[in-house]
Amino acid sequence: MTGTNEKLRSLFLTALMVFSVFAGTVAFSGGAAAAANVGINQATEYTANGGTNTIELALNDSTDTAVTSGDVDIFIDGNQNPSGYSTNIDPDSDGSDATNGRIAIGIGQDVQPNRNLTVRVDVTNGGQTSTLVAKDIDVTSRTFTPSGSDRSYTNVYRGEVIAIEDPDATNNPSVEIEEDGGSIVADDSYGDNSEVYVFDTDDLDTGQNYNITVDGSDEAGFRVSDLNLQVEMDDNDVTDEDDIIANATIRRGGQPANATLFSDDGEKVDSIVKNLKGNDVTQFNFGNISDASGFDAGDGPYYVNVTDNQTGVTATSEQINVSEAQDGEVSFDESVVSDERGDVVNITYELSNTDDGYIYIGDEDDDNYAVSGQITDDDDDGEVTVQFNSYLAGTSANVGAVDASDVLSVAGDDDIESVSEHGSFERANLDEETLDASSYNMNATAGTNPSDNPDSVGTLRLEDRSTESIQSWVAPQDADLTDEDIDIYDRVGTNLTESDDIADGDIIVHQVTASGVEGVLAYEEDVNGSSDVTQAFLRSSNPGNPINFTVNRTNVGANADEDSMVLTSNNVTVVDDPDNNTYFVAVELDNVDQYESGTDVREDDEDDQITANFTVSGNSALVDDDDGVETDYTITDRDATLNTANGLVTVQAAADQPVSGTTTIAPGSEIEVRLDSESDANPFIIRPEATVSPNGTFTAMADMSDYSSGTNFTAQVLDVDGDDLGDEEDGRITSAPTATVSISDQESDGSEVTVDSAQLSQGGFIAIHAGNATGDVIGNSEYLEAGSHEDITVTLDTPQDGDFTAVAMPHLDTNDNQAYDFDGGSTDAPYTSNGSAVVESANVTVTGGETPTEEPTDEPTDEPTDEPTEEPTTMAGTDEPTDEGTTASEGPGFTAAIALIALVAAALLAVRRDN
């Protein structure tokens, strides 16, 4: 298979040869017609039976004189008779020396398919010598020699060019290639004077077996696999100063491949040979276009061919567009950046037309301190965020564990090098005071060196730090606060609730707001090897360290010290939000065994009075005196109480029955209510689930439709871990409530409707919906006792100004407060029948009320006021046409009246203007 690079090599070879080629045959000595007529029909490189690397030249005629080794020259990539290759005529000893129309040349070693192969041979016929040249010879990667009925399937990669050798050396044998159990893909014969048939597998199906048959009897087989050679560019749009990088992948590694960069006119720019790695990226870096002599940005677009040398399979990249590089520039995303002493300051630089920049923070003369470094935009997103740890500033020279790269680092996949601190401000240890609260200059320059004329200047304002507050929140004991898919603030209102009453076993979350401690935690993680922010926080809060966090029991009695809770990485999780100077310190009470005194948490089931304290130590580099905050809360019993009526938990023999109660455990906790009946006639155990609401209540919905009224059961709340929570209560299934309602079509002034009758087995209310059963509730009746009611007047909360459909819906009074409290849930839910709400609808015609007469009185003249006012009033005064008279823009009378009013008003206005 011939690629573009082979064509280029052949052109080069042609330039080296000083002879002319006519249709593949050239006469050097003015040979006779007989010699000139000898030509090459086919030229193939293959491995002959027995392992001899061979070039076969199939001629169109025989010669009188045999060809010898001295008559042959071979050229590989333009190199004549390269070292390691030979030219032995007739390697198979079958007389293939041109006298039988075939030349077989043994070449000593294999030629790989990606190489350009040319043969020049002198032949003599009839006393005349001619020179034959075969260029761009088919170099095959694999040879099959069919034998008998052996069809063992050898692996072939799609795209390989294979040779099929004639095992019997017969004249023009037939060859057939067919899909195993399928159709024929080749039905042909060998060329004249040839013992090799060449076949390109590029169009075959991967994963399929193929059978070879020669002369109807000799067989061989192969299986086609996908080499999956692919090439992608690091960047398809580069400048003439950017490196052109090709990334190649292949399924079968360990073999060399040739990557060649071409311009769009097929001219070769550069070539690289590397061994490919199976299923891993091999990178070919051609440098930038300016490094290649004779090429510039205007010669693009470019492309890269990667050829697997063993098989000859080639992959081509998408085109590469090269533009002239513009002057690089580095600027600040924000020219003024503010943060507190001790924090890690994030400074974002934007890079244009460059990947490199040199940055400087501070001034060694004016501020006595500066830090500098060279940044690189490795991820090519056009920006680099630098992290300046103001807590560590000035320590790299004297604190052994701290390096300058700990003071100034970058986020993400970008890079910073050559970081160094300057100036007289140095700290012998981390206890010495940090940088002052002040303003510091910043500058940035494109490239890798500082400049007296930087591209951009900015200001870093370091302000005094502060300790603001601490407050207590509660979360369910099984909450995973480390789940990165849920932001800590998104938990508020779901499973994170502000509270100073914490049930034993839940998670108490301390929200600490304090600036200037981010650098301390970063030091613990980046320098001291803390695995995460939790470990960094715990290490930093040990005695003698910059911060101190304690959770102490205060109800210890007289003459005793507060008892500290034992906090470890097994029961503490820290979620940090340094951008807002906030740290959530969660303590899992379920994993806290005891206080430091050995006392158990809530010993003897007594409430524990707790004080949590966060303090920045006065012995640290951050403050002169202790700066702390504290909050108080109580650890209480873990309990739940079910709502009862007359000492019983009651549900009805219907679906969606609420079982409600209150609990001390954290809102957002998932609990269960176990309903257990040991009745012989109606035994059951069901466990409906419920979620604790923010006010500590819960409601589990149970399907009791399969059980009989009058059945007794017990009810028990189950904790998140399945343990009993609170006392067991007795319960009973009661009859399902029933209701009927009737409402007739009626007229109304829009402020009320009348319900003809209703029967409510357990009392309740009649709600009026507008339009349909899911429409807005526009009014409800007063509380109705259990029993029958007639002519029920419902005053509408929202008066209606047009005809509407009123839907009457009876509702229960589930909370027994005689107030309509339906909120879409189980409270004061509708009466149902067969699973649907009981409803009845009627058409309400809105009548009455005078037609507005105020609009015409706005005219400044007195004379026409009565006329436009009287006429519409008269139209609305009759009984029959009332509806028509109040319908917008209907009827000729209405239109004529409006027209008359308009004409009179216009005439009067004209008279007024004349006056």
Side-chain angles (χ1 to χ4, degrees), residues 652-658 705 709 734-851 876 878-888 890:
Q652 296 162 0
D656 297 326
Q657 293 302 296
S705 58
S709 173
T734 62
S735 299
T738 60
T740 61
V741 65
S742 176
I743 184 172
S744 302
D745 293 345
Q746 57 192 274
E747 292 183 349
S748 167
D749 63 0
S751 65
E752 62 183 26
V753 295
T754 301
V755 177
D756 296 335
S757 64
Q759 187 277 326
L760 309 177
S761 65
Q762 296 184 12
F765 315 89
I766 304 297
I768 302 298
H769 293 253
N772 54 55
T774 59
D776 293 338
V777 175
I778 57 176
N780 60 269
S781 70
E782 298 294 326
Y783 176 74
L784 304 174
E785 298 286 348
S788 298
H789 303 269
E790 294 183 353
D791 297 328
I792 306 161
T793 299
V794 179
T795 300
L796 302 183
D797 300 328
T798 307
Q800 304 298 295
D801 56 6
D803 298 348
F804 68 99
T805 299
V807 179
M809 181 183 294
H811 279 252
L812 292 154
D813 182 22
T814 60
N815 54 9
D816 296 327
N817 65 353
Q818 297 189 3
Y820 179 74
D821 297 322
F822 180 61
D823 57 1
S826 60
T827 302
D828 292 355
Y831 281 86
T832 61
S833 176
N834 297 322
S836 299
V838 175
V839 294
E840 182 75 13
S841 62
N843 296 318
V844 179
T845 301
V846 177
T847 62
E850 294 185 355
T851 302
T878 60
D879 293 333
E880 184 174 341
T882 299
D883 290 342
E884 291 185 14
T886 58
T887 302
E890 288 187 2

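All values reported here derive from a predicted model rather than from experimental measurement.
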Pairs meeting criterion side-chain hydrogen bond (donor to acceptor under 3.5 Å, both in side chains) with involvement of residues 763-783, two or more places apart: Asn772-Thr774
State which residues pass side-chain contact (heavy atoms from CB on, under 4.5 Å) with Ala842; sequence neighbours excluded, sorted by chain then number. Ile743, Asp745
Residue list, side-chain contact (heavy atoms from CB on, under 4.5 Å) with Thr738, at least two apart or on another chain: Gln759, Ser761
For Phe822, ring-ring contact (aromatic ring centres under 6.0 Å, His included) partners two or more places apart: His811
Locate the shortest heavy-atom distance separating Ser742 from Val755; write the atom from each residue and the value. O-CG1, 3.2 Å
Please determine whether side chain to side chain donor-acceptor pair (under 3.5 Å) holds for the pair Ser709 and Ser735, giving the CA-CA distance in whole Å, both sets of side-chain angles, and the decisive distance to 0.1 Å. CA-CA 5 Å; Ser709 173; Ser735 299; 3.2 Å; yes
Nearest heavy-atom contact between Val807 and Ser841 is CG2-CB, 4.0 Å
If every non-hydrogen atom of Ala655 is compared with every non-hydrogen atom of Ser705, which pair is closest and at what distance? N-CB, 3.9 Å
Pairwise distance OG1(Thr754) to CD(Glu747) - rounded to 0.5 angstrom: 12.0 Å
Please tabulate, for the side chains in residues 788-802, all donor-acceptor contacts under 3.5 angstrom to protein atoms that are two or more places apart in sequence or on a different chain.
from: His789; atom 1: NE2; to: Glu785; atom 2: O; distance (Å): 2.6
from: Gln800; atom 1: NE2; to: Thr798; atom 2: O; distance (Å): 2.6

Residue pairs involving residues 735-755 (criterion ring pair (Phe, Tyr, Trp, His ring centres under 6.0 Å); sequence neighbours excluded): none
To check you understand the geometry: which heavy-atom pair defines the closest contact between Ala806 and Val844, and what is its length? CB-CG2, 3.8 Å
Show the atom names and distances, to 0.1 Å, of all donor-acceptor pairs under 3.5 Å that link a side chain in residues 827-838 to residues at least two apart or in another chain.
from: Asp828; atom 1: OD1; to: Thr814; atom 2: N; distance (Å): 2.9
from: Asp828; atom 1: OD1; to: Thr814; atom 2: OG1; distance (Å): 3.4
from: Asp828; atom 1: OD2; to: Asp821; atom 2: N; distance (Å): 2.7
from: Tyr831; atom 1: OH; to: Gln762; atom 2: N; distance (Å): 3.1
from: Tyr831; atom 1: OH; to: Gly763; atom 2: N; distance (Å): 3.3
from: Tyr831; atom 1: OH; to: Gly763; atom 2: O; distance (Å): 2.6

So, the side chain of Gln657 versus the backbone of Gln652: is there a donor-acceptor pair under 3.5 Å, distance only? yes
Minimum heavy-atom separation for Asp813 and Ala819, please, with both atom names. OD1-O, 4.0 Å
